[in-house]
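In what follows, a structure is listed as structure tokens, so that the remarks can point back to it.
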Amino acid sequence: MFKSKRFRNNWIIILLISSIPGLIFGGLMNWLAGGRLENELLQMHNKQIQLRAANIDEQFSYLETSVMHWAFDPNFSYSLASLSLSRDFEIARNITQTLANMKGANPLAIEAELFLEGSAPVRFHPQYEALTDAAQIDGYRQLLAHDKNVFWSQITSESDSPSDNPLSLMVKIPETDEKPFGIIAVTIETTRVVKLLQTLAPYDDGGTFLLDENGEQLLSSSGQESASQLEEAIKREVLASKTKSGSFLFDWNQTTYTVSFGTMSRIGTDWKYVTASPISTITKPVVFISQLVLTLSIAMLLLAFVLSWLASRRIYSPIAQLVRMLTGNTALTGLGNEHHDDFKIIEKEWLHLTRESMTLQNKLEQQLPHLKEGFLLQLVQGYLYSYSEQALLERMRNFGWSVDNRHYAVLYIHLSGFENLEGRFSSGDEGLVTFVAANITKELASSRFEQAEVMNFHDLSVGLLLIVPDETETELKEAFRTFSQELTQAIHHVLNVYVSVTIGSLALSVIHVPSRFEEAMQASSRRRFESRNQIIDLESMDEYDKENQEIHYPFALEREIIQALRTAQKDEAKQLIQTFLEELIERGAKIIDIHQGALQLLGSILHAIRLAGLDPNRIFKSANLYEQLMQIGDPQKMIAWFHDKVVSPCMLELESRSDSQVKKTVETVMIYLQNNYMKEISLESCADQAGTNTVALSKAFKQVKGKNFIDYLTELRIEKAKDLLRDTDLKINDIAEKVGYQPSYFNRIFKKQESITPSQYRDLYRN
């Protein structure tokens, strides 16, 4: 049952229907959990940061308010400037107690101290002590010189580097005096503030830090004095925003952080808090919900799979039983293991005869146009000459033509200028172009004439048989000429080729159609061989011929072409052939004149080849060049044919013969040099020996050996001298004479060739 295509289709439909609610639920949950819930969590996170930042701001504000309140304590009045604290123990004890209360009153404070300026500067830290260290005194005095009475600072009397000290709140006393004499410094506990900052981003990754009004880092939740690379990158982004508060997403090391920042207004300055938290940590609940939704969706799909399978079996069981009853399992057995459609099996036998009947009908309809075209081709080409008029008419009636009281006209359409289609069609597509022209002809003829049949000859020519009513010949001729003009314009517009239409004489009976068609084909060869549309009417053929001038054969160009072939000037020969044909065309030659002129040129070329001692049959591989030439009706194709089929093979033969003769001449001279190198030898003497001239011999040496005659002779003599220097004890002068050199010249030429003298060469070899 599972192999049934119908069962599988039903199962898939039920599975899809049962899965749609789960898919919708899963999609909605994923949208809610993955989209809106994630946005809600981020917004909630930002709100929590703002609330926690407000709490931290309140604690700092409480510290500032408390310290300023204590600064107005009577113990810190103007009288301190004139008291001697070293003797007034009670006042010193009260100040110490006040500083201790100030420290204990705020959970952020870790210590409180007081510096008093005077002739003998003192410090309460928190106990009274006299300052003797000049550096400490200068440090406190620098703090007293600050332009604000209340300010935050990380610079103390102990160090002028902010990174070395915790954050402290400085209050000058008296606060209302332009010339304060002391300063209260309340230092906050860094670890406690770090814990407060950690509440802004309570995650393992990320962090929080405070920036002063100059963009310098005050504190960080990491507890480190220097900022991390992440904090530096976030700080640059926050400072670049130029806003007091906001949030944005920041990517760092393939992790996305949500960054929130805001401003805390401190006494005399503004702090900026910045917190960064990884989104993955914030949205961790969303990921869990998404996984839960995915798990539930998969479970629902599995349940739908099982339930749909059970439902499909239940629904399909009556159909399976019906198939077994109708086919007796024969159809299922015949299908083997392939999936089958039970309804197709049931319909198969019922539709079998209907399909066979429709197939036969379609075949008949498809073959009828081919049968009609085959009959027409046999008719116009004269193969049905043995049939009588009545027999031919009867066959035409069987094909569906109306032939009673009808006349017959034949039109022959020829296409030229196929080279204009380069880019749209390639060589060998002539049949396709003819097919297009035949369709255009069929469409136009059917719109003008009641019965028109097109014959496609697939060689850039089309035949048209018109079966017309019995009307006056003048009206018919006018209709044919008008149609021909429309046809030439239509084909030329669509295909960009030139069209010549030959209108044959009217045939009063079908038996005369072959002769009329033959006349039209022969008259087509008398069209002008030029690039334009032409209409030839056999009735006015004499007037057409009178318009043409007498054609003169260009003998001078023929002689130039043959001379170019003899001297192996391939490009010039091609150009001359093109000029030859263009001259015929310019004089208004008809196609038959062009063919006759081209045939005469071909005969002259073949005659010249035989006079040169070459065999045309071997060069052209026994091809019938005259027949090939007669099949060409396009000027550019004719020029290309002369170049590819006549000039190129002839040039290859001449070049091969020339190369063979050159090699033979060079070999003869080389043998002569091997035997006479010790004598006086010149290029002229060698040319006489080889039976050629000096120019030809020099050119031949350069072509075959790649070097000129003198270089070859010099190398030959030097090699012979090297053999004598190595193998004999002859004197240098004797060796020079044996290789055909004067001693003094021999030394110079040897050193020029080998870069050392003959004596040095002999010594080098023997050593």
Side-chain angles (χ1 to χ4, degrees), residues 560 562-573 608-609 611-614 647-767:
E560 292 181 16
I562 293 175
Q563 181 62 25
L565 291 175
R566 287 173 178 169
T567 56
Q569 300 181 43
K570 186 176 181 179
D571 294 336
E572 184 176 353
I609 291 174
L611 290 178
L614 304 178
V647 176
S648 294
C650 184
M651 292 296 176
L652 290 175
E653 182 67 20
L654 291 175
E655 290 173 2
S656 64
R657 288 189 61 185
S658 176
D659 291 344
S660 177
Q661 186 64 32
V662 168
K663 291 179 181 178
K664 185 176 180 181
T665 300
V666 173
E667 290 174 358
T668 301
V669 174
M670 289 171 60
I671 294 173
Y672 177 75
L673 293 176
Q674 288 286 344
N675 297 328
N676 299 278
Y677 66 88
M678 71 291 298
K679 302 177 182 178
E680 285 193 18
I681 298 176
S682 64
L683 182 61
E684 290 79 4
S685 62
C686 290
D688 294 339
Q689 185 70 27
T692 183
N693 56 67
T694 56
V695 176
L697 180 58
S698 178
K699 184 178 179 182
F701 246 94
K702 188 69 175 179
Q703 177 181 345
V704 176
K705 301 301 292 181
K707 62 186 71 173
N708 57 41
F709 172 81
I710 295 300
D711 291 340
Y712 179 79
L713 178 58
T714 301
E715 291 180 3
L716 176 62
R717 286 175 168 173
I718 294 299
E719 289 299 323
K720 296 296 183 180
K722 289 164 66 176
D723 292 340
L724 293 174
L725 288 170
R726 290 195 304 266
D727 302 334
T728 69
D729 294 325
L730 293 174
K731 295 181 179 180
I732 302 300
N733 292 343
D734 295 337
I735 293 175
E737 293 177 355
K738 283 184 175 294
V739 296
Y741 286 122
Q742 294 295 326
S744 59
Y745 182 71
F746 173 68
N747 286 331
R748 291 198 306 272
I749 195 67
F750 191 93
K751 186 174 183 180
K752 181 180 179 182
Q753 292 291 114
E754 302 296 329
S755 300
I756 57 176
T757 64
S759 300
Q760 291 173 340
Y761 178 82
R762 173 178 278 174
D763 294 340
L764 180 63
Y765 176 77
R766 292 184 176 180
N767 290 335

Quick one: pull up [atom1] in [X] and [atom2] in [Y] and give me the separation to the nearest 0.5 Å.
| X | Y | atom1 | atom2 | value |
| --- | --- | --- | --- | --- |
| Ile756 | Asp763 | CD1 | CG | 9.0 Å |
| Glu737 | Lys731 | CD | NZ | 11.5 Å |
| Lys720 | Met678 | NZ | CE | 8.0 Å |
| Tyr745 | Lys752 | OH | NZ | 7.0 Å |
| Ser682 | Asp688 | OG | CG | 8.0 Å |
| Cys686 | Ile681 | SG | CD1 | 5.5 Å |

So, does Arg726 use its side chain to make a donor-acceptor pair with the main chain of Tyr761 at under 3.5 Å?
no
Is a donor on one side and an acceptor on the other found under 3.5 Å between the side chain of Thr714 and the backbone of Ile710?
yes
Please name the pair of heavy atoms, one in [X] and one in [Y], separated by the smallest distance, quoted to 0.1 Å.
| X | Y | answer |
| --- | --- | --- |
| Ala736 | Pro743 | CB-CA, 3.8 Å |
| Leu716 | Gln674 | CD1-NE2, 3.4 Å |
| Ala687 | Thr694 | CB-N, 3.9 Å |
| Leu730 | Arg762 | O-NH2, 2.9 Å |
| Phe750 | Pro758 | CD2-N, 3.6 Å |

Single hit among Thr728, Leu724, Asn733 for side-chain contact (heavy atoms from CB on, under 4.5 Å) with Lys738
Leu724
Less than 4.5 Å apart, any side-chain heavy atom of Tyr741 and any of Ile749?
yes
With heavy-atom distances below 4.5 Å as the criterion, would you say the side chains of Tyr765 and Lys722 are in contact?
no
Answer yes or no: are there more than 12 heavy-atom neighbours, outside Glu684 itself, under 6.0 Å from its atom CD?
yes
